[in-house]
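Structure first, commentary second.
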Amino acid sequence: MTPIRVLAVASEVYPIIKTGGLADVVGALPAALKQHGVATRTLVPGYPAVLSALRSAETVLSWPEYYGGPIRVLAAANDGLDLLVLDAPHLYARPGNPYVGPDGRDWPDNGIRFAALSRVAAEIGIGTIPTFLPDIVHAHDWQAGLAPATLHYSGQQRPGTVMTVHNLAYQGQFSPDMLATFGLPPEAYALHGVEYYGAISLLKAGLQFADRITTVSPTYAREIQGDDGGMGLGGLLRERADVLSGILNGIDIAVWNPATDHEIAAQFSAEHLTPRAANKAALQRRFGLDVSSGALLLGVISRLSWQKGLDLLLETVPTLLGEGMQLALLGSGDRDLQDRFAALAQAHPGRIGVEIGYDEALAHLIQAGSDALAVPSRFEPCGLTQLCALRYGAVPVVADVGGLADTVLDFDEATVTSDAATGVKFRPVTAEALAHALRKANLLFNDPVTWRRLQHAGMTTDVSWHNRAGRYAALYRELVAARR
Ligand code: ADP
Ligand code: GLC
């Protein structure tokens, strides 16, 4: 089979720069695609963290002036990733979070920062780097959304374009005055263009003009065509339903492998589950919880935002305590949620432990030591923590939405083939339903044989990228064939 050349475009990539699951996906997909005959190069902004991660780099493109300063594109191999880095100090030489400044607000020039990224991607798409002409430009989220639109309007022979939605809630909206700055022609500012309720949406730009649209689970692909889930773009997504599909995310099963994980207290596997108990004790100590094997220890690893439904978990604390359960939460985000969880931990030492912050190593210990992992999201395009939980034998208790619905098989749903059940799902996404799910999880936990079966089924579920990457490879091939 002829290899397919893909230019992936994204604003984050694991392990170099990450705020959420987008980075995990962009970082892990290329290696998995390689097994399917797809060679990926990934274009990312040259934030300080990215530039300092490069060991050696070759300049493949250099312009003296682009959006207010000189830019270069550097090619570099890094941890198995074939990176193209847009080095533009006037846009990206800002430490810390890729999107927000020290005051916690979005950088005022984010439109320009990511328009530059997307337009350079489009340039590469039409052959500006002579040694690399991609068959496909694959744009991830709004930060890359202008790439398919720019290619559409380029009037040149162009590669196929794919737009992947990781989260429809972030739409990249900017003033209509930016149209020319974004390099778009006046006619692009239209209902069937980039216009969005009197503004420009860079996500809409991608959704409107990409040849194919994907999102990260089949259920989310359906939900976003509805009026609620569509978040203002449902009509467009319904119109483009014939080119829209949902492909589930996987996780990097080398990074997330309880049998070899050095971040945890004791390694274990589906066959050797006993050492897992040492992780629970280590996690309890780390969070100042009473060290007890009998109490169900519920873990949470999450951004603290409305999407994740953790305010509902706050409401269920009386149930949690009444059932004799414990909670270990790691998260950061909304100030209000941070404060409420921190206060809760202070009020219930030994029972509730909270760590506000971002800590990759601790996330591994939580997966290894919790009995169950709660993901009560109001919406969830795919979700990755429940996939890690399955692999680590932490039974997921999840809202029945989006990718959570597609990746967890509920104990009751699975009555016919109950061996296959992997977790507990609840709906509607309310505090009452969550409380009920927690009580149910506790009941199952207190039946060791059943619990062991749930863990085992989860740990032997395929959460890897291999087959899922195959879906992307097939999509790319189909698109290349369609454009011949
Ligand atoms: P989202 O991208 O919406 O935040 P996902 O579940 O897809 O949700 O991905 C979140 C990723 O970020 C996972 O890899 C998870 O382990 C990680 N993560 C989230 N919050 C933290 C945190 N506070 N510390 C460490 N890792 C975190
Ligand atoms: C987004 C979504 C999450 C998804 C991730 C990677 O951040 O919120 O559900 O898993 O992207 O696709």
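Computed from a predicted model, the values in this text were never measured in an experiment. First listed ligand is number 1; within each ligand, the first listed atom is number 1.
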Item to check | Residue and atom name of the nearest protein heavy atom (relative to atom 21 (C) of ligand 1), distance in Å to one decimal | outcome: Y358 CE1, 3.5 Å
Checklist entry - Can you check whether S332 has an N/O within less than 3.5 Å of an N/O in ligand 1? => result no
Next on the checklist: Closer than 4.0 Å to some heavy atom of N167 - which atoms of ligand 2 meet that?
Outcome noted: 8 (O)
Checklist entry - Would you call the rings of Y392 and H364 parallel, tilted or perpendicular, where under 30° means parallel and over 60° means perpendicular? => result perpendicular
Next on the checklist: Considering both backbone and side-chain atoms of K308, is one of its nitrogen or oxygen atoms within less than 3.5 Å of a nitrogen or oxygen in ligand 1?
Outcome noted: yes
Checklist entry - Quick one: are W465 and P30 in side-chain contact, heavy atoms under 4.5 Å? => result no
Checklist entry - When you measure from atom 8 (O) of ligand 2 to every protein heavy atom, which one gives the shortest distance, and what is it? => result Q307 NE2, 3.2 Å
Next on the checklist: Side chains of N279 and R276: any donor to acceptor distance under 3.5 Å?
Outcome noted: no
Next on the checklist: Closer than 4.0 Å to some heavy atom of G21 - which atoms of ligand 2 meet that?
Outcome noted: 5 (C), 6 (C)
Checklist entry - Quick one: does ligand 1 sit under 4.0 Å from the side chain of C388, the backbone, both or neither, non-hydrogen atoms only? => result neither
Item to check | Numbered atoms of ligand 2 (with element) below 4.0 Å of V25, judged on heavy atoms | outcome: 6 (C), 12 (O)
Checklist outcome for this item: Ranked by distance from atom 5 (P) of ligand 1, the top protein heavy atom is L384 N, 3.6 Å
Item to check | Identity and distance of the protein heavy atom lying nearest atom 15 (C) of ligand 1 | outcome: T385 CG2, 3.6 Å
Next on the checklist: Testing the 3.5 Å rule here: is there a donor-acceptor pair between the side chains of T422 and T461?
Outcome noted: no
Item to check | T19, any N or O under 3.5 Å of ligand 1 N or O | outcome: no
Checklist entry - Does the N or O separation between G21 and ligand 1 drop below 3.5 Å for any pair? => result yes
Checklist entry - Atoms of ligand 1 less than 4.0 Å from G20 heavy atoms? => result 2 (O)
Next on the checklist: For K34, is there an ion pair with D82 - N to carboxylate O distance below 4.0 angstrom?
Outcome noted: no
Checklist entry - Does an N or O from G357, backbone or side chain, lie closer than 3.5 Å to an N or O of ligand 1? => result yes
Next on the checklist: Looking only at the aromatic ring of each residue, does the gap between the centers of F114 and W142 stay below 6.0 angstrom?
Outcome noted: yes
Next on the checklist: Do V44 and V85 have side chains that approach each other closer than 4.5 Å (heavy atoms only, starting at C-beta)?
Outcome noted: yes
Item to check | Element-labelled atoms of ligand 1 that are located less than 4.0 Å from some non-hydrogen atom of G383 | outcome: 6 (O), 7 (O)
Checklist entry - Should D290 and R351 count as an ion pair when the cut-off is N to O under 4.0 Å? => result no
Item to check | Parallel, tilted or perpendicular: ring planes of F174 versus F182, cut at 30 and 60 degrees | outcome: perpendicular
Checklist entry - Does C382 reach ligand 1, in the sense of a heavy atom lying below 4.0 Å from it? => result no
Next on the checklist: Below 3.5 Å, N or O to N or O, backbone or side chain included: is there any such pair between D359 and ligand 1?
Outcome noted: yes
Checklist entry - E12 and Y99: side-chain donor and acceptor closer than 3.5 Å? => result yes
Checklist entry - Would you say the side-chain atoms of D334 pair up with the backbone N or O of D336, donor to acceptor, closer than 3.5 Å? => result no
Checklist entry - Can you tell me how far NE2 of H138 sits from CG of L43, rounded to the nearest 0.5 angstrom? => result 13.5 Å
Item to check | Sub-4.0 Å atoms of ligand 1 with respect to non-hydrogen atoms of G331 | outcome: 23 (N)
Checklist entry - Near D227 CG, under 6.0 Å, is it more than 12 heavy atoms from other residues, nucleotides or ligands? => result no
Checklist entry - Out of S377, A169, G403, G383, who gets a non-hydrogen atom closest to atom 4 (C) of ligand 2? => result G383
Item to check | Gap separating the CG atom of L207 from the OG1 atom of T215, nearest 0.5 angstrom | outcome: 9.5 Å
Next on the checklist: If the cut-off is 4.0 Å to any non-hydrogen atom of E380, which atoms of ligand 2 fall inside it?
Outcome noted: 2 (C), 3 (C), 8 (O), 9 (O)
Next on the checklist: Among all the protein's non-hydrogen atoms, which is closest to atom 20 (N) of ligand 1, and how far away is it?
Outcome noted: S302 C, 3.6 Å
Checklist entry - Which residue holds the protein heavy atom closest to atom 2 (C) of ligand 2, what is that atom called, and what is the gap in Å? => result H166 O, 3.1 Å
Checklist entry - N/O of C382 under 3.5 Å from N/O of ligand 2, yes or no? => result yes
Item to check | Heteroatom proximity flag, R303 to ligand 1, N/O under 3.5 Å | outcome: yes
Checklist entry - Which bit of N249 gets closer than 4.0 Å to ligand 2, counting heavy atoms only: side chain, backbone, both or neither? => result side chain
Next on the checklist: Heavy-atom distances under 4.0 Å decide this one: backbone, side chain, both or neither, for L22 against ligand 2?
Outcome noted: backbone
Checklist entry - Should D109 and R94 count as an ion pair when the cut-off is N to O under 4.0 Å? => result yes
Item to check | L365 side chain near E263 side chain, heavy-atom distance below 4.5 Å | outcome: no
Checklist entry - What about A363: any of its N or O atoms under 3.5 Å from an N or O on ligand 1? => result no
Next on the checklist: Under a 4.0 Å threshold between the charged nitrogen and the carboxylate oxygen, would D410 count as salt-bridged to R427?
Outcome noted: no
Checklist outcome for this item: atom 13 (C) of ligand 1 has as its nearest protein heavy atom D24 OD2, 3.7 Å
Checklist outcome for this item: among protein heavy atoms, the one nearest atom 17 (C) of ligand 1 is K18 NZ, 3.8 Å
